[in-house]
Protein chains: 2
Amino acid sequence: MNKGELTRQRIVATAAPLFNQRGFAGCSMQDVMEATGLEKGGIYRHFASKEELAAEVFEYCLAQAVKLRSDGVENIAGATDKLRYLISKFVDEPSPLPGGCPLLNTAVDADDGNPVLRKQVRQAFQDWRKRLTGILEQGIAAGEIDHEVSARQMANTIIGTLEGALMLSRIEKSREPLRDAQRSLETLLNTLRAQP
Amino acid sequence: MNKGELTRQRIVATAAPLFNQRGFAGCSMQDVMEATGLEKGGIYRHFASKEELAAEVFEYCLAQAVKLRSDGVENIAGATDKLRYLISKFVDEPSPLPGGCPLLNTAVDADDGNPVLRKQVRQAFQDWRKRLTGILEQGIAAGEIDHEVSARQMANTIIGTLEGALMLSRIEKSREPLRDAQRSLETLLNTLRAQP
Ligand SMILES: [Mg+2]
Ligand SMILES: [Mg+2]
């Protein structure tokens, strides 16, 4: 990586917790200048606009979140145990950086706003759902999960329940909502089992 | 209501969808001036600061959300049917005004920010949970719900699952995540029944 690329990376990594905590409208290029110690020209040489920086910050946060929350799942055998593992990763490591889940934050921030971010976060949720439905469909094919189970419904429920619980846990500064979500999802997972 | 009170009410009602869609940082007093057609002095005569206006906007949004989502529950007999009713109200009428759920929006917006809003939204979730645990505990007392059920866990699960699904439904512009949450919550409600 040359010096320019390193600076670009440093700007993204420094801006990420700012955007994630304050939101798109709540974080200015001035804030990024102050946090990086760079002059205006030093930032704009790499990013033509706040929109361009925010888009790259989102991809950076997303990649970290996906890695943190799914690392090691490939070593787990069985669909239900894979889902259990992914749920426990989310509950134990709800956020890759200060400010909580970048997907949740960006979704709430951009659902009536920035169309570029909206598209990115929509894609991120689609990819997450696809990873979960893939696991569920493997479990159905293997006879572990009942073939009448809706993979889409279960995937949507896991994502929504975890993100909603994280929102509650963060505002209440308590891990209880996340733990309660994990227990309720465990009850649901136990209803998926194929009947012998 | 005198003229001053009417103007104050009008400022709050006009500012509510702006704050709810753009967030605290994304909505300026300038935006409120433009939307109301009032001069700066006309706004500041009623609200000393954006913080003060935002606090009143939140209470206004919250009152609407609670009414929209719980109206008529007093006419439903039985704890499980009361919960079903409240879930269907949320799924059918997810938001009282443009921008989605003001509790979710304010929670994500304020969890690292504005301490007044943070306190208000924390209280709002506590009150919501209290309404749900009250219903669950009545169901336990009446022998309808198993006495080993954790009312807190189920209440947290209902709130988090609905709010997370709403976030997904809004970003994907699809009612499917909310419908999927309703189906999964129905499965959970069916596990609460007291064993005869
Ligand atoms: Mg929004
Ligand atoms: Mg936040």
Side-chain angles (χ1 to χ4, degrees), chain A residues 17 20-28 98-101 103-113 118 121-122 124-126 129 150 152-174 176-185 187-188 190-191, chain B residues 17 20-28 98-101 103-113 118 121-122 124-126 129 150 152-174 176-185 187-188 190-191:
Chain A
N20 200 45
Q21 288 177 88
R22 300 180 199 172
F24 180 76
C27 179
S28 67
C101 176
L103 282 86
L104 171 65
N105 294 344
T106 308
V108 168
D109 192 311
D111 53 5
D112 288 307
R118 197 161 66 222
V121 72
R122 196 183 297 156
F125 280 120
Q126 279 173 16
R129 182 164 42 227
S150 161
R152 188 211 64 235
Q153 181 192 324
M154 192 63 205
N156 270 338
T157 299
I158 291 172
I159 295 171
T161 301
L162 289 175
E163 291 288 13
L166 174 53
M167 178 273 294
L168 286 175
S169 277
R170 282 182 49 77
I171 197 72
E172 303 197 323
K173 297 197 189 307
S174 155
E176 213 159 63
L178 276 165
R179 292 282 170 216
D180 285 343
Q182 186 172 28
R183 290 184 194 104
S184 294
L185 288 172
T187 300
L188 284 175
N190 286 325
T191 67
Chain B
N20 200 44
Q21 287 177 90
R22 302 181 197 170
F24 180 76
C27 179
S28 67
C101 176
L103 282 85
L104 171 66
N105 294 344
T106 308
V108 168
D109 191 311
D111 53 4
D112 287 309
R118 196 160 69 225
V121 72
R122 196 182 296 153
F125 280 120
Q126 279 173 16
R129 181 164 42 229
S150 161
R152 188 210 65 235
Q153 181 192 323
M154 192 62 206
N156 270 337
T157 300
I158 291 172
I159 295 171
T161 301
L162 290 176
E163 291 288 13
L166 174 55
M167 178 273 294
L168 288 175
S169 276
R170 282 181 49 76
I171 197 72
E172 304 197 323
K173 299 198 189 303
S174 155
E176 211 158 67
L178 275 166
R179 293 281 170 215
D180 285 344
Q182 186 173 27
R183 292 185 193 103
S184 293
L185 288 172
T187 301
L188 283 175
N190 286 325
T191 68

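Each chain gets a letter, A, B and so on, in the order the sequences are listed, and its residues count up from 1. For the numbers below, each heavy atom of this structure counts, side chains included, while hydrogens, waters and symmetry mates do not.
For the options Ile159(A), Val121(A), Thr161(A), Asp180(A), heavy-atom pairs under 4.5 Å to chain B are most numerous at Asp180(A). Across Met154(A), Arg129(A), Glu163(A), the residue that shares the most heavy-atom pairs under 4.5 angstrom with chain B is Arg129(A). With chain B as partner, the option from Arg22(A), Gln21(A), Met167(A), Arg170(A) having the largest number of non-hydrogen pairs under 4.5 angstrom is Arg170(A). Interface remark: of the candidates Arg118(A), Glu176(A), Lys173(A), Glu176(A) forms the most heavy-atom pairs closer than 4.5 Å to chain B. Your options are Asn105(A), Leu162(A), Leu188(A), and the one with the most heavy-atom pairs under 4.5 Å with chain B is Leu188(A). For the set Ala155(B), Gly26(B), Ala107(B), Cys27(B), the count of heavy-atom pairs under 4.5 angstrom toward chain A peaks at Ala107(B).
Residues Pro177(B) and Ser174(B) approach most closely at CD-O, 3.4 Å, considering heavy atoms. Heavy atoms only, all atoms of each residue included: Leu103(B) and Phe125(B) are closest at CB-CZ, 3.6 Å.
Here the OG1-CD1 distance, from Thr106(B) to Ile171(A), works out to 8.5 Å after rounding to the nearest 0.5 Å. Note that OG of Ser169(B) and CG of Leu178(B) are 3.5 Å apart. Values are rounded to the nearest 0.5 Å. Going from atom CG of Leu168(A) over to atom OG1 of Thr157(B) covers 9.5 Å, rounded to the nearest 0.5 Å.
The contact between Arg152(B) and chain A is made by backbone and side chain atoms together, counting heavy-atom distances below 4.5 Å. The part of Ala165(B) that comes within reach of chain A is its backbone (N, CA, C, O), which places non-hydrogen atoms under 4.5 angstrom from that chain. Only the side chain of Thr191(A) comes within less than 4.5 Å of a heavy atom of chain B; its backbone N, CA, C and O stay farther away.
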Step by step, would you call Gln126(A) with Glu172(B) a side-chain contact (heavy atoms from CB on, under 4.5 Å)?
CA-CA 9 Å; Gln126(A) 279 173 16; Glu172(B) 304 197 323; 4.1 Å; yes
